[in-house]
Q: 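Once you've had a glance at the structure underneath, I'll fire off some questions.
Chain letters run A, B, ... following the sequence lines, proteins first, then strands; residues in each count from 1.
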Amino acid sequence: MDRTQNNYAWLFVLPVLVLVAFSAIIPLMTVVNYSVQDVLDANTRFFVGDEWYREILRDPQLHAALGRQLVFSFSVLAVQIPLGIAIALCMPTRGIWVAVTLVLVALPLLVPWNVVGTIWQLFARSDIGLLGVTLNGLGIEYNYTRGRWAAWLTVLAMDVWHWTSLVVLLCYSGLRAIPDAYYQAARIDGASRWAVFRHVQLPRLTGVLTIAVLLRFMDSFMIYAEPFVLTGGGPGSTTTFLSQFLTTMAVAQFDIGRAAAFSLIYFLIILAISWVFYTVITRSTKI
Amino acid sequence: MATITLENLAHSYLAQPAGEADYALKQLDHVWSDGEAYALLGPSGCGKSTLLNIISGLLVPSQGRILFDDRDVTRADTVARNIAQVFQFPVVYDTMTVRENLAFPLKNRGHKANYIAARVSQIARMIGMEEVLDRRARRLTADAKQKISLGRGMVREDVNAILFDEPLTVIDPHMKWELRTQLKALHQEFGHTMIYVTHDQTEALTFADKVVVMFDGRVVQIGTPDELFERPAHTFVGYFIGSPGMNLFDAEIAGATARIGETSIALDAAYPASGGKVQLGIRPEFCRLGNDGNGLPVRIERVEDVGRHVIVRAQSQAGPLNIIAHEGLRPGPDDTHVVFEPGRINVYVDDWRISPQEENAVPAGGV
């Protein structure tokens, strides 16, 4: 092999390296740098080693936020995945209604996060909001600014409203990719509706469901704008999820070292859980 | 098991078919006798699969009725018809083992566990998959998957008919032969009515007692392999069956003599005069090359050696023709004419075969 040629090739990679370094590696390293220092102001800082990490990992407030976050993300999956599959199964497969339903289903995905928060803030208000007034009218005491359950369920409902469509669209495309012969063979074999779902449709959805689970998990794990607009993390800290916890620490308290250490831990948690999901789902389809 | 009767059947995929051209399957009456093996032969898009799906109940015909014995099943669904069907591409249930795949049609119909087990092992032996019964179906080759599909089609004993929709398309050639032989053996053993759709004439001719040839949405001939070879009822049958297909020449006919251009050809019987486009059909197997000046003048263009015999591609004034010459009768450079065996010539008017005049036929208006 000719060494000169190999070195020459680096020149072509250089622009990408510069871009990636500028946009990803250097910012990330800055965070790493902050995470091992105590920053008092722009000119005063001390090296503190892994102190922030040890402190963060022992922080009961963080444990509580992480617990809330996990419960919330798994609830999101538990509701959105089955609901998304069910809606996709009900959608028309031919005719003009295909386009109509696809557009209707896709609409929530086009709404920006903070707008969704604002919509729900108004929609769910117990004095003037349609949902709030209706629920209270039915005799259910509901006020998301005061009730812990009301607040938590409202954030969950909001996320379901906003993101179930993504699961629906993925499943719908997965379902359309199943050749007719499979359904015909199942009819010939006398399979029930449930057997068709269990043995024909679900196995062929594993690919899109893997993507749906990963996307919905990562996204909901990083949820920020909607609960921030709706409840501001309250009442108490009922809807304070990890990213809001982080923002409060970094921006409001200007606790940059702690926030940097926490960011890295946060990043590793998402990476680890996504890896577990991915491995479990892809392995189950291989055996 | 049942006799399957098709009455006035026709199908169009359009909601409002305007003319005959809109029909994928043109009007058809046919009785599929109980326990026979049929092949449905025709080129792609001729309506074979449409017909098959109507019989199995996956498709409701635009017009006409389907009877199983005396029961009208035109609108009955697949389950009520109790039909088995094997598709062109393998359909297996990925999450199940081979055993579960084979048992699935029986399980869905609530058969007893010990009956299912016995039946599955019988079928597994037949398709040669006993060793892999507990493997997941997903990881098998396309060949093996198609064998599972065949097995699932045959696992029920009480079906009215088993339909095969080009089932060996994805199978390796040597395996094709083996599976076809097994299907044939199975048919002899259990006597199910079988309808086998294919566009491969070898497959059709070796599998079936009766071959139904379809062309452009129409059944053009139903017959034994011999009949299709010797007396093709339609020029399409002559062309489609045989390798190479039948030679066709535009001709004029007067009594027992045909004229192709300048050449007179003796027929073995007199044919009635008729309007329309008259053609002579003669299979390459019944053409002889010669150099004594008799017959149709030809120019040999190419000789293909296919082993047991050679195929001579030649050109005549009436168009191209093929001649099959056997070992020992190799064509020579001085072979300039071709003669036809008189008894092997078929006469077609507007693509349909006509019969010779009966020798002792009573003249019209006589006596």
Side-chain angles (χ1 to χ4, degrees), chain A residues 81-82 84-86 88-89 92-99 170-213 277-287, chain B residues 15 49 52-53 55-59 76-97 100-111 135-139 145-146 148-156 159-167 169-170:
Chain A
I81 298 294
I85 296 173
L89 286 172
T93 55
R94 53 177 68 92
I96 50 160
W97 288 105
V98 173
L170 284 167
C171 288
Y172 186 75
S173 71
L175 286 171
R176 292 288 72 73
I178 302 175
D180 261 357
Y182 280 85
Y183 293 109
Q184 294 178 335
R187 276 166 73 187
I188 299 274
D189 290 337
S192 62
R193 184 69 195 81
W194 166 251
V196 170
F197 174 68
R198 173 70 190 77
H199 298 296
V200 174
Q201 292 172 321
L202 197 56
R204 266 142 218 292
L205 284 181
T206 41
V208 288
L209 283 179
T210 308
I211 298 171
V213 167
F277 270 129
Y278 181 79
T279 321
V280 167
I281 295 173
T282 49
R283 186 166 298 169
S284 74
T285 60
K286 265 185 203 142
I287 296 164
Chain B
S49 296
L52 206 66
N53 288 342
I55 296 173
S56 64
L58 295 173
L59 210 58
D77 70 0
T78 309
V79 176
R81 293 184 196 202
N82 201 14
I83 285 261
Q85 186 168 357
V86 179
F87 297 89
Q88 185 171 4
F89 295 102
V91 177
V92 296
Y93 302 104
D94 287 347
T95 47
M96 299 186 196
T97 61
E100 289 164 336
N101 258 284
L102 293 176
F104 193 59
L106 296 175
K107 228 166 113 187
N108 286 330
R109 286 171 175 80
H111 285 282
R135 288 259 296 275
R136 290 256 177 199
R138 178 205 314 277
R139 301 188 116 187
K145 284 183 180 176
Q146 187 64 339
I148 297 174
S149 304
L150 281 167
R152 269 210 331 274
M154 298 181 297
V155 75
R156 287 185 283 142
V159 288
N160 281 319
I162 308 179
L163 313 181
F164 301 92
D165 192 354
E166 309 200 21
T169 310
V170 294

Q: Passes side-chain contact (heavy atoms from CB on, under 4.5 Å), B/D94 versus A/R204? Steps please.
A: CA-CA 9 Å; B/D94 287 347; A/R204 266 142 218 292; 2.7 Å; yes
Q: Would B/R152 and A/I188 count as a side-chain contact (heavy atoms from CB on, under 4.5 Å) if you check the C-alpha gap in whole Å, the side-chain angles of each, and the deciding distance to 0.1 Å?
A: CA-CA 10 Å; B/R152 269 210 331 274; A/I188 299 274; over 6 Å; no
Q: Counting heavy-atom pairs under 4.5 Å with chain B, which one of A/L202, A/D189, A/V200 comes out on top?
A: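 Between A/L202, A/D189, A/V200, the count favours A/D189.
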Q: Looking at side-chain heavy atoms only, is the closest gap between B/T95 and A/R198 below 4.5 Å?
A: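 Answer yes - side chains close enough.
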Q: Could you tell me which portion of B/V92 (side chain, backbone, both or neither) has an atom closer than 4.5 angstrom to a non-hydrogen atom of chain A?
A: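 It is the backbone, since no side chain atom gets that close.
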Q: Once you round to the nearest 0.5 Å, how far does CZ of B/F87 lie from OH of A/Y182?
A: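 OH of A/Y182 is found 11.5 Å from CZ of B/F87.
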Q: Should we say atom CZ of A/R176 is surrounded by more than 12 heavy atoms from elsewhere, each under 6.0 Å from it?
A: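 Atom CZ in A/R176 is packed in, count exceeds 12.
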Q: Considering only heavy atoms, which portion of B/R156 lies under 4.5 Å from any heavy atom of chain A: side chain, backbone, both, or neither?
A: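 Side chain of B/R156 only, per the 4.5 Å heavy-atom cut-off to chain A.
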Q: With rounding to the nearest 0.5 Å, note down the distance linking CG in B/N108 to NE2 in A/H199.
A: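 It is 8.0 Å, given to the nearest 0.5 Å.
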Q: For the CZ atom of A/R187 and the CG atom of B/D77, what is their distance to the nearest 0.5 Å?
A: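 If I round to the nearest 0.5 Å, the distance is 7.0 Å.
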Q: Tell me the closest heavy-atom pair linking B/V79 and A/G190, and the distance in Å.
A: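 Closest approach of B/V79 to A/G190, heavy atoms only: CG2-CA, 4.0 Å.
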